[in-house]
Structure formats: C-alpha cells, structure tokens
Amino acid sequence: MSNVYDKAHELKSTLAESEEFATLKSLHVQIDADEIAKRMLDNFRKLQLELQQKQMQGVQITEEEAQQAQQQFELVQQHELISKLMEAEQRLSVIIGDVNKIITEPLEEIYGNPEQ
C-alpha cells in the first residue's frame, strides 16, 4: 500500500504544475508590478479580513460597513487584472473543494454525508 503522505506530496506537485495555478501565480506577479492594482487589492483584502474578524468575534457588521465592502468589491471588480485574479482564485478553489470531497469519500462510508 502506498504512503498517504507520498500521495499528498504528489498531489501538491500536480496542483503546483497545473494551468490554474500557473495562471493564478502569473496574475499575482502582474498585480505586484502594478502599484495601483496592488494597493486596491491590499485595501480590499484588509477590509475583508477586518469584517471577517468582527463576525468571528460575534460583532454585528453595520450597514455602513457592509455598504463599504460592497463598494470596494465593485471597485476592484472593475480592475481587469484584479477581476481576472479573483476568477482564477475561484477556479482553483473549486478544484481544491472537489479534491477535498474526493479524498473524504472514504469517511462518508463510515460517518455518512453531513450534507444530506
């Protein structure tokens, strides 16, 4: 029987060599080289993180904060590079989610599927 950790490292390498990862990496390099795009993305991510931390602490997000987050999102979506980056992140996230589902299938045989 093969070692699970060896297979995990093989999967890591496969992911790192994938077209989706290469696209994501390239877009990060392009954004890092574009001062305006980098600042816009950093500001957006900072705001996202602040709001997530508030939610985890049980603090209610104000209407003003939600509106500000929506405006920031709409603004960064208008920047072509950032929009492409977000699309690439989403594609990679779907792949990782699919892989996670596949590798946890044996556990579903024991515990069942909690989504059902």
Assess whether a salt bridge exists between [X] and [Y], defined as any Lys/Arg side-chain N lying under 4.0 Å from an Asp/Glu carboxylate O.
{"X": "R45", "Y": "E89", "value": "yes"}
{"X": "K7", "Y": "E10", "value": "yes"}
{"X": "K38", "Y": "D42", "value": "yes"}
{"X": "E105", "Y": "K101", "value": "no"}

Taking atom types as modelled and ignoring hydrogens, do the side chains of T23 and E19 form a donor-acceptor contact shorter than 3.5 angstrom?
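E19 and T23 do not have a side-chain donor-acceptor pair below 3.5 Å.
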
Between Q70 and E74: side-chain donor-acceptor atoms closer than 3.5 Å
yes

How long is the span from the [atom1] atom in [X] to the [atom2] atom in [Y], to the nearest 0.5 Å?
{"X": "Q48", "Y": "N43", "atom1": "CD", "atom2": "CG", "answer": "12.0 Å"}
{"X": "Q60", "Y": "E63", "atom1": "CD", "atom2": "CD", "answer": "10.0 Å"}
{"X": "K84", "Y": "I31", "atom1": "NZ", "atom2": "CD1", "answer": "10.5 Å"}
{"X": "S18", "Y": "K25", "atom1": "OG", "atom2": "NZ", "answer": "11.0 Å"}
{"X": "E50", "Y": "Q55", "atom1": "CD", "atom2": "CD", "answer": "12.5 Å"}
{"X": "L15", "Y": "I95", "atom1": "CG", "atom2": "CD1", "answer": "7.0 Å"}

Minimum heavy-atom distance between [X] and [Y], given as atom pair plus value:
{"X": "A37", "Y": "I82", "value": "O-CD1, 3.5 Å"}
{"X": "I61", "Y": "L51", "value": "CD1-O, 3.8 Å"}
{"X": "L27", "Y": "A88", "value": "CD1-CB, 3.9 Å"}
{"X": "F21", "Y": "L92", "value": "CD1-CD2, 4.2 Å"}

Determine, step by step, whether H79 and D34 satisfy the side-chain contact (heavy atoms from CB on, under 4.5 Å) criterion, reporting the C-alpha distance in whole Å, the side-chain angles of both residues, the deciding distance to 0.1 Å, and the verdict.
CA-CA 11 Å; H79 194 287; D34 182 329; 3.8 Å; yes

Is any side-chain heavy atom of [Y] closer than 4.5 Å to one of [X]?
{"X": "V99", "Y": "L11", "answer": "yes"}
{"X": "M86", "Y": "F73", "answer": "yes"}
{"X": "L49", "Y": "Q53", "answer": "yes"}
{"X": "K54", "Y": "E65", "answer": "yes"}

Please say which of Q77, R39, Q72 ends up in a side chain to side chain contact (heavy atoms under 4.5 Å, CB included) with F44.
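Of Q77, R39, Q72, side chain to side chain contact (heavy atoms under 4.5 Å, CB included) with F44 is met by Q72 alone.
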
Mind checking whether L47 and V59 sit in one hydrophobic cluster, side chains of I, L, V, M, F, W, Y counted as touching below 4.5 Å?
no

Let me check something: do V94 and L85 share a hydrophobic cluster, defined by ILVMFWY side-chain heavy atoms less than 4.5 Å apart, either directly or through other members?
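Each belongs to a different hydrophobic cluster.
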
Take atom CD1 in I36; do more than 12 heavy atoms of anything else shown fall under 6.0 Å from it?
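Result for CD1/I36: open.
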
